[in-house]
Structure formats: C-alpha cells, structure tokens
There are 2 protein chains.
Amino acid sequence: MSRSELVARTGLTRSAIGALIGELARVGLVVERRAISDGSPGRPSPVASVVADQNVAIAVEVLVDCVGVAAIGLGGTVLYSTRLDRPRGRVSVDETIHDIVAGVTQVKGKLSPSCRILGVGVGVVGLVRRPDNSVPIAPNLGWHDVAFGDQLRLALGGTDVVALANDADVAALAEVRRGAAVGVDDVVCIWGEVGVGGGLVSRGEMITGAAGFAGEVGHMPVNPDGRLCQCGSIGCWETEIGEGALLRLTGRPNPSMVVLGGLFGRAHPFIAGQLNDEIARRALHSSMANLRVVPSRLGMDAVLMGAAELAFEAVLSDPLATLREVEARRTG
Amino acid sequence: MSRSELVARTGLTRSAIGALIGELARVGLVVERRAISDGSPGRPSPVASVVADQNVAIAVEVLVDCVGVAAIGLGGTVLYSTRLDRPRGRVSVDETIHDIVAGVTQVKGKLSPSCRILGVGVGVVGLVRRPDNSVPIAPNLGWHDVAFGDQLRLALGGTDVVALANDADVAALAEVRRGAAVGVDDVVCIWGEVGVGGGLVSRGEMITGAAGFAGEVGHMPVNPDGRLCQCGSIGCWETEIGEGALLRLTGRPNPSMVVLGGLFGRAHPFIAGQLNDEIARRALHSSMANLRVVPSRLGMDAVLMGAAELAFEAVLSDPLATLREVEARRTG
DNA sequence: CGGGTTTGTCCGGGGGGTGGACAAACCGCA
DNA sequence: TGCGGTTTGTCCACCCCCCGGACAAACCCG
C-alpha cells in the first residue's frame with residue numbers, strides 16, 4: 001500500500017504517516033520500495049509493505065484428529081506448515097504437547113536464522129479462559145481444567161509468548177481479518193467438524209464472554225425434549241444437529257453475516273437455496289433478510305490463520321513495545 | 001469523590017486531574033466543595049461532585065401500557081418523573097408521540113430555567129436500528145418501519161438530540177451502570193412484562209448487533225415443535241414462556257451475571273432456589289456455576305434510568321464538545 | 001524545458017499528558 | 001504557639017504525537 005493511500009485511509013497527515021512508516025521500517029517490520037509510476041501526474045508515492053518472512057508467528061491448531069503447526073508471516077502469508085494426523089485416542093494433554101513441540105521444532109528449523117518469532121498462537125477444540133490461557137473443559141479431547149497455555153509455553157522453552165483461544169473463535173477472527181467476512185463488523189462463524197463450534201465477532205472484535213464461553217453454539221439448547229448431551233445439558237445443538245438446527249440459529253437476530261466452515265462450509269453449495277428461503281421466512285424483519293450466509297474462504301487454513309492473528313495482536317496494537325519485549329525474552 | 005481518589009482510580013497525575021476537574025468546573029458540569037478533614041494527616045483533598053440539577057437528560061420509556069417521561073440529572077438522580085397509563089389500543093405512532101410531547105412539556109416546566117438539557121434518551125418496546133434511530137419492527141405496538149427517532153425529535157422542536165434504543169437494552173445499561181450489575185463486565189438482562197426482552201453487555205459496552213437485534217432473546221427459538229409466534233418464527237421463547245425456558249437460557253454459556261427484571265424480577269424470590277439448582281446442573285463447567293442470577297435493583301425505574309444513560313453517553317465521552325453542540329443547538 | 005500536479009520532508013506549534021519543585025493545609029507533639 | 005511529618009494542590013519545564021503550512025522533489029503533459 002502506498003503512503004498516499006495510507007494518508008487517505010487513516011485520515012492522518014503526510015507528516016504523521018512518514019514518521020510512523022519510518023519508525024516501523026527502522027525496526028524491520030516494514031520496507032519501502034521505490035514508487036512505480038502509474039502514469040498519473042504528480043510525484044509517485046513509495047509503496048510500503050510488511051516484511052512477512054522476517055516477522056512470523058508460530059500458529060498451532062489442536063483438533064480432535066490432528067495437530068497442525070505453521071509459520072505464518074505478518075500479514076497472513078503461510079511460510080511453512082505441517083500437520084500431524086493422529087489416531088483417535090491420542091488426545092491426552094501430554095501427547096498433544098509432545099506433538100506440538102515436535103511440529104514447532106520442525107517448522108522453526110525451516111525458518112532463516114534472522115527471522116523473528118513474534119509469538120505462538122494456539123486454536124484449540126475446547127473452551128478457553130483467556131485471562132490465564134487455561135482450558136476449563138474440552139469435551140472432544142476429554143480435558144478438564146488444564147493449564148494448557150502455561151504448560152505449552154514451558155514445553156517450548158519459555159521464550160515465546162503463547163496466546164490461546166477456542167478454535168472456532170480464531171477461525172472467526174481469521175475470516176473477518178482475511179477471509180469471507182473482510183470489512184463486515186458483526187459476524188457469527190459456525191464451524192462443524194467433529195463437534196459444532198461457533199465464534200462471535202461484534203464491531204470487529206472477538207467476543208468471548210466472561211468465562212470464554214460465548215459463541216459456544218454447539219451447546220445452545222434447541223430442543224427441550226432432546227437427547228442428553230455429554231456437556232450435561234439436554235437437547236444441545238451439537239446432539240440435535242440432524243434436525244435442521246442450523247436454520248434455527250441463522251434465524252436468531254444477531255449478525256450481518258454468517259460464515260460456515262468445516263463440514264458446513266463444504267455442504268454450503270448443496271444447502272444454500274433452502275437456507276436462504278428459510279432465512280427469508282424466519283427473519284424478524286426485512287433488514288434481517290439481507291443476512292448473508294457464506295462459506296468459509298480460508299477453509300482448512302482458517303484456524304491456523306486465526307491462531308497467527310491471535311499471536312500478532314500484541315505487535316499490531318503496540319509494535320515497538322512488543323518488539324522490545326520479544327527481543328528481551330530472546331536474549332534472556 | 002475527592003481529587004486524590006480520582007488520582008488513585010485513574011492513574012493520572014495530580015496535575016492532570018487538577019486540569020481536567022478545573023475545565024469541567026469551568027463549564028458547570030462539576031463543582032468542588034472545600035475538603036472536610038477526615039482526621040488523617042496531610043492536606044485534605046477537595047471533593048468534586050457532579051452538578052446534577054443543572055445538567056439533565058429527558059428520559060422517555062415507551063412501553064405497551066404506559067409512556068413514562070422523567071428529568072434525570074447527570075449521575076442518575078431522578079429530578080422529576082411522570083407516567084401516562086394508556087388503554088390497550090392507544091399505541092399508534094402518532095398517539096405515542098403526542099403523549100411523549102405532553103409528558104416532556106410537563107417535565108420541562110418543572111425544571112429551573114437555568115437548567116441545561118443534554119439530550120433526550122428513549123427506551124422503546126421494539127427493535128431499534130441505532131444508526132438512524134428507526135424502529136424496524138415493534139410487534140407489541142404494531143409498528144413497522146417507523147422513523148421514530150426523527151419524528152420525535154421534530155415533534156419536540158428539533159433542538160434536542162434524541163437517542164433511541166430497545167427498552168431491555170437500556171435497562172441492561174442502567175443495571176450495569178447504577179444497578180445490580182455495577183462493576184460486572186459481561187451481563188445479560190432478561191426483562192419480562194408483556195413480551196420478553198433481553199439486553200447484552202459485554203466488557204461494559206452494549207452489544208446490539210448489526211441490525212440492533214442482538215439480545216432479542218424473546219424471539220430465540222427454543223422449541224422446534226412449538227407454536228407459531230407473531231414474529232413469523234416457530235417456538236420462540238416469548239411464546240413458549242410457560243415451559244421453563246428461562247432455565248434453558250441461563251444454561252447458555254455467556255454472561256457472568258444475569259439480571260432479571262419486570263415479572264421475572266418480582267418472581268425471583270420464589271424461583272431462586274430452583275434456578276440455582278438448575279444452573280449448577282446445566283453449567284458446562286464449574287466456572288459457570290459461579291454465574292449469579294440476581295433480581296433487578298432499579299426495578300420500574302431501570303428503563304428510564306437507562307434512557308437517561310443513553311442520552312448522557314455523548315457528554316461522558318466528550319464533555320466539552322458536546323456542551324458546545326448543545327449550546328449551539330439551543331441558540332439556533 | 002517549463003507549468004501543473006501530487007507527494008515527501010522539514011519545521012513551528014499546540015494539546016494533553018508526565019514528573020519534579022514548591023507551597024498549602026492538615027495531624028500530632030512539645 | 002511553634003515545629004516536624006504527611007498529604008495534597010499548583011506551577012512549570014518537558015515530552016510525545018499529531019497538525020498544518022512552506023518548500024522541494026518527482027512525475028505528467030505540451
């Protein structure tokens with residue numbers, strides 16, 4: 001993006017943009033290439049771009065049947081990724097951490113030595129309490145009250161900051177930042193693979209609720225006469241999924257876009273027509289009939305991309321301070 | 001609150017607090033009283049307090065069976081209020097606006113001439129689209145696509161800024177700011193009178209969703225085999241209320257506190273025991289069993305208080321600019 | 001090669017905060 | 001009444017970040 005474009009988008013002055021870009025370039029987050037003349041009159045504006053291959057996040061996804069690890073450059077370019085399928089049953093905390101450490105070691109080996117690691121982001125199939133990076137419960141993994149973030153951080157050597165979140169939450173984040181919902185403020189993501197997960201984004205920010213449980217649509221009760229769910233409740237969506245509960249959810253008055261991922265994303269072409277009919281019928285009002293239901297654009301990569309986004313959050317909000325901290329942690 | 005207390009709470013320096021308080025005092029939002037010595041050593045700190053009776057909001061609530069109007073001072077003190085009961089059927093837009101104008105005229109007459117009106121806040125039983133202050137649909141009033149905010153503003157003379165929101169949303173706001181949920185970040189309010197309304201607050205801010213429909217729990221589908229609701233959906237909570245749906249809702253993994261108002265608030269003493277048992281049984285995890293369900297503290301006043309809070313929002317976020325604008329609108 | 005246009009850079013200025021020095025207002029004690 | 005000890009308000013120099021104008025640089029076109 002050229003400097004003049006930045007001026008137009010941010011509303012800041014040329015002076016301010018110049019100073020900011022200069023500072024970011026000084027610490028190696030950004031490079032400026034000489035402007036290429038586009039034929040229009042006036043002095044051409046130099047193009048600033050992110051140094052993606054020197055500023056990366058380690059992204060981790062912990063699903064039921066696989067563990068994925070990737071190095072993702074600032075801006076969302078996947079530099080290298082690996083995936084370890086694992087037989088059902090190999091889901092204990094220790095085994096999972098072991099597999100992650102192996103994947104991270106492999107991925108780090110592929111990176112150039114000059115490359116900076118800005119953080120480790122993890123998306124996990126389970127409920128996550130953000131303040132302490134712990135997993136109170138992950139039904140599909142059989143985990144209860146695990147200090148997963150801390151354990152992983154130590155297992156990785158303790159030099160990198162680890163940020164943990166629910167897999168559907170980070171997938172939603174990825175779709176909003178770089179996927180099907182770019183520019184949309186209020187989004188619900190429905191992620192269905194083994195279980196049913198959901199992520200909420202309101203006004204561009206992730207909503208997790210007090211205990212990190214918001215958006216856990218899989219355990220929203222939809223049928224009072226339904227079957228007992230493993231979460232202890234009755235008639236959860238996750239257990240009643242055969243009954244067309246997806247349609248009921250989209251009938252709820254919240255988002256301006258619903259992104260479907262996983263199984264639902266792949267099924268989208270076959271159910272889109274019926275879905276839209278149902279939305280039109282159930283919408284409380286015509287302004288809700290504009291609700292768009294779209295398939296995920298990032299597909300399988302969404303969770304890893306979102307995990308990276310999670311790790312980048314600190315750099316984006318305060319680049320200089322975060323880089324200082326990263327450097328401090330690296331040297332000891 | 002004393003200046004030294006402000007320094008401790010905000011983390012700002014004494015200089016900054018002094019300058020800010022001085023400026024607010026200069027424009028008449030705040031007065032400083034000489035400090036009263038409390039016996040402890042050291043120079044006593046002057047106490048700053050809000051000039052509530054000279055800086056008021058006109059708060060309006062539009063319910064099914066009544067229209068309420070109040071003058072509420074900055075900080076939440078009710079200076080004067082009036083309520084107009086109305087027979088069922090007198091709910092048209094024109095009649096409602098007529099009743100409000102009458103109420104506002106009466107309330108304004110009771111205020112001293114020196115008193116500043118900072119804005120008009122309205123809580124209405126219906127869905128509200130925030131950007132344009134319109135009401136897409138209000139089933140219990142029979143309204144469809146009404147530019148209610150604009151109509152009311154013009155009917156009131158056009159000199160005051162009018163802010164509109166859903167009644168349950170503003171009630172939630174009031175409970176968080178000055179009621180049962182002070183200091184709690186993530187709150188769901190359930191308001192049941194004629195219909196069932198809900199307000200969401202996450203991280204201290206009102207969540208309305210893209211179309212202003214978030215938190216409309218009354219129309220959340222809870223029974224796939226239920227009755228047809230007037231909103232066009234099937235098995236809405238509002239229509240299935242007899243089936244214990246409240247318990248199901250509190251089983252949903254979102255807030256750290258649920259505030260019950262209206263009918264539910266009055267019923268709270270009788271159902272508290274059963275409610276807590278059910279929460280403990282349905283909670284996904286023990287951290288959710290800490291969920292507190294409490295009755296509204298503000299009761300009947302919650303909607304009016306919240307409407308005032310809505311009107312005060314601009315002054316609180318940028319006092320000087322808002323006061324300049326208020327003055328500009330008043331003089332022409 | 002010279003005007004028109006768009007842009008980067010330099011520089012003075014202002015708003016809003018920090019932080020230290022100093023004075024003011026209280027306490028307790030002699 | 002006077003004197004330290006303590007807490008606080010006030011003044012002032014300073015810094016950071018941004019604005020906005022003046023100027024130069026780099027492009028177009030004729």
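Throughout, a chain's letter reflects where its sequence line sits, starting with A, and its residues are numbered from 1.
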| note | Heavy atoms of B:S134 and B:A147 approach each other most closely as CB-CA, 4.2 Å

| query | What is the distance, rounded to the nearest whole Å, between atom CG of B:L12 and atom C1' of C:dG15? | reply | 15 Å

| Taking atom C1' of C:dC11 as reference, at what distance in whole Å does atom CZ of A:R14 sit? | 14 Å

| request: Give the nucleotide from the list D:dG9, D:dA22, C:dG19 with an atom nearest to the side chain of B:R43. | output: D:dG9

| query | Charged N to carboxylate O below 4.0 Å: is that the case for B:R116 and B:D53? | reply | no

| query | Between B:R324 and B:E327, does at least one N-O distance fall below 4.0 Å, as a salt bridge requires? | reply | no

| Does A:S4 put a side-chain nitrogen or oxygen below 4.0 Å from OP1 or OP2 of C:dT6? | no

| message | Looking at D:dC27, I'd like to know if its phosphate oxygens (OP1 or OP2) sit under 4.0 Å from a side-chain N or O belonging to A:R34. | response | yes

| message | Classify A:I21 by what it touches in the nucleic acid, base, sugar-phosphate, or nothing, heavy-atom distance under 4.0 Å. | response | nothing

| field | Contact under 4.0 Å: B:R3 side-chain N or O vs C:dA25 OP1/OP2 | value | no

| So, is B:S45 near the phosphate of D:dG9, with a side-chain N or O under 4.0 Å from OP1 or OP2? | yes

| Phosphate-side-chain proximity, A:S37 and D:dC28, N/O vs OP1/OP2 below 4.0 Å | yes

| How do B:E32 and B:G42 order along DNA chain D: which one's closest nucleotide is nearer the 5' end? | B:G42

| field | Test: A:E325 and A:R330 ion pair at under 4.0 Å | value | no

| request: Assign A:I17 to base, sugar-phosphate, or nothing according to its heavy-atom contacts below 4.0 angstrom with the strands shown. | output: nothing

| task | Check every atom of D:dG20, D:dT8, C:dC27 against the side chain of A:S15 and return the nucleotide holding the closest atom. | result | D:dG20

| remark: The answer to which of A:E23 and A:P41 contacts DNA chain D further toward the 5' end, by nearest nucleotide, is A:E23

